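Input: a single structure, listed below in structure tokens.
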Amino acid sequence: QVQLVESGGGLVQPGGSLRLSCAASGNIFRVNAMGWYRQTPGKQRELVATITSGASANYGDAAKGRFTVSRDNAKNTVYLQMNNLKPEDTAVYYCHATIMDYSARSYYKQYWGQGTQVTVSS
């Protein structure tokens, strides 16, 4: 089985920083794109950032200039460095990955982490 586990969320003051991590583990053959999405109750899940296996990044508008996505392919881990956080960044942040496992080496499956809470407040 494959799973994604996020860490690094918490409470931070406006203007502060957090770094989120998401590690993929299990019966992994290959990890393609990874990324971060966020969601508040009753709202659609919003793109924060994605990064390909070749480290090409794509950002949602709210993340540009403040957040940086990176990855460590050897560890099957994606990171999100969040700087200059604002109250509107408060959300549950979900890790996403497209992964080929050993039971299906010819196609990718989509995986989601369970989410980590980020709260930006004084």
Side-chain angles (χ1 to χ4, degrees):
Q1 297 185 35
V2 174
Q3 65 176 4
L4 306 179
V5 179
E6 303 102 331
S7 62
L11 175 64
V12 65
Q13 294 183 340
S17 298
L18 285 172
R19 191 179 80 149
L20 306 183
S21 298
C22 171
S25 62
N27 193 30
I28 295 170
F29 179 70
R30 181 176 297 165
V31 179
N32 194 13
M34 304 185 79
W36 295 93
Y37 297 76
R38 68 187 187 187
Q39 188 171 23
T40 55
K43 303 292 181 63
Q44 292 278 352
R45 197 163 292 186
E46 175 189 13
L47 168 69
V48 179
T50 60
I51 185 167
T52 69
S53 61
S56 178
N58 181 53
Y59 295 95
D61 289 341
K64 292 179 180 177
R66 298 189 298 128
F67 298 176
T68 301
V69 64
S70 61
R71 64 189 290 164
D72 185 336
N73 290 336
K75 297 180 179 179
N76 292 325
T77 299
V78 62
Y79 306 94
L80 184 68
Q81 179 65 47
M82 308 168 68
N83 297 326
N84 191 25
L85 284 161
K86 303 175 181 180
E88 52 262 44
D89 294 318
T90 297
V92 177
Y93 284 71
Y94 294 92
C95 179
H96 175 266
T98 302
I99 297 172
M100 184 183 296
D101 63 31
Y102 278 101
S103 69
R105 300 184 186 187
S106 62
Y107 64 94
Y108 290 95
K109 300 177 182 178
Q110 310 298 314
Y111 294 90
W112 290 95
Q114 67 180 37
T116 185
Q117 177 70 47
V118 172
T119 302
V120 184
S121 176
S122 298

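Because only heavy atoms are used, hydrogens play no part in the values below, and waters and symmetry mates are left out as well, while side chains stay in. Just so it is clear, the structure is predicted and the values come from calculations on it, not from any experiment.
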Run T40 and T90 through side-chain contact (heavy atoms from CB on, under 4.5 Å) and show every step you take.
CA-CA 8 Å; T40 55; T90 297; 5.9 Å; no
side-chain contact (heavy atoms from CB on, under 4.5 Å) between D89 and R66, worked out:
CA-CA 11 Å; D89 294 318; R66 298 189 298 128; 2.7 Å; yes
Start with the C-alpha distance between S121 and L11, add both sets of side-chain angles, then the distance that settles side-chain contact (heavy atoms from CB on, under 4.5 Å), and finish with yes or no.
CA-CA 7 Å; S121 176; L11 175 64; 4.2 Å; yes
Check against side-chain contact (heavy atoms from CB on, under 4.5 Å), C95 and W36
CA-CA 5 Å; C95 179; W36 295 93; 4.1 Å; yes
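Contact record, L80 with A49: CD1-CB, 4.3 Å, taken as the closest heavy-atom pair. Shortest non-hydrogen contact noted between L4 and C22 is CB-SG, 3.8 Å. Nearest heavy atoms, N83 versus S17: OD1-OG, 2.9 Å. The two atoms that bring S103 and K109 nearest to each other are OG-NZ, 4.0 Å, heavy atoms only. The minimum heavy-atom distance linking T50 with V69 is given by the pair O-CG1, 3.8 Å.
Hydrophobic clustering, with ILVMFWY side chains joined whenever heavy atoms are under 4.5 angstrom apart, keeps V118 apart from Y94. Put simply, V92 and V5 are part of two different groups of oily side chains (I, L, V, M, F, W, Y) that touch within less than 4.5 Å, one to the next. Linking Ile, Leu, Val, Met, Phe, Trp and Tyr whenever their side-chain heavy atoms come within less than 4.5 Å puts V120 and V48 in one cluster. Residues V31 and L20 share a single hydrophobic cluster, defined by chaining ILVMFWY side chains whose heavy atoms lie under 4.5 Å apart.
For the pair R105 and F29, the distance from NZ or CZ to the six-membered ring centre is under 6.0 Å and the angle to the ring normal is within 45 degrees.
Atom CD of Q1 sits in a sparse spot, with 12 or fewer heavy atoms from other residues, nucleotides or ligands closer than 6.0 Å. For CD of Q110, the number of neighbouring non-hydrogen atoms (other residues, nucleotides, ligands) closer than 6.0 Å is greater than 12. Counting non-hydrogen atoms of neighbouring residues, nucleotides and ligands closer than 6.0 angstrom, the CD atom of Q39 exceeds 12 such neighbours.
Remark: S7 OG to R19 CZ distance equals 8.5 Å, nearest 0.5 Å. Summarising the geometry, atom OG1 belonging to T68 is positioned 11.0 Å from atom CE belonging to M82; distances are rounded to the nearest 0.5 Å. From R71, atom CZ reaches atom OH of Y79 across 11.0 Å, with rounding to the nearest 0.5 Å. Between M34 atom CE and S53 atom OG the span is 11.0 Å, to the nearest 0.5 Å. Atom OH of residue Y59 and atom CD1 of residue I51 lie 6.5 Å apart, to the nearest 0.5 angstrom. Put simply, OH on Y107 and CG on D101 are 7.0 Å apart, with the number rounded to the nearest 0.5 Å.
For the residue pair N32 and R30, no side-chain donor N or O sits within less than 3.5 Å of a side-chain acceptor on the partner.
Every residue two or more places apart in sequence or in another chain was checked for a ring pair (Phe, Tyr, Trp, His ring centres under 6.0 Å) with Y108, and none qualifies.
Counting only heavy atoms from C-beta outward, the side chains of L18 and F67 never approach each other to under 4.5 Å.
Screening E6, R38, Q117 for a side-chain hydrogen bond (donor to acceptor under 3.5 Å, both in side chains) involving Y93 leaves a single residue, R38.
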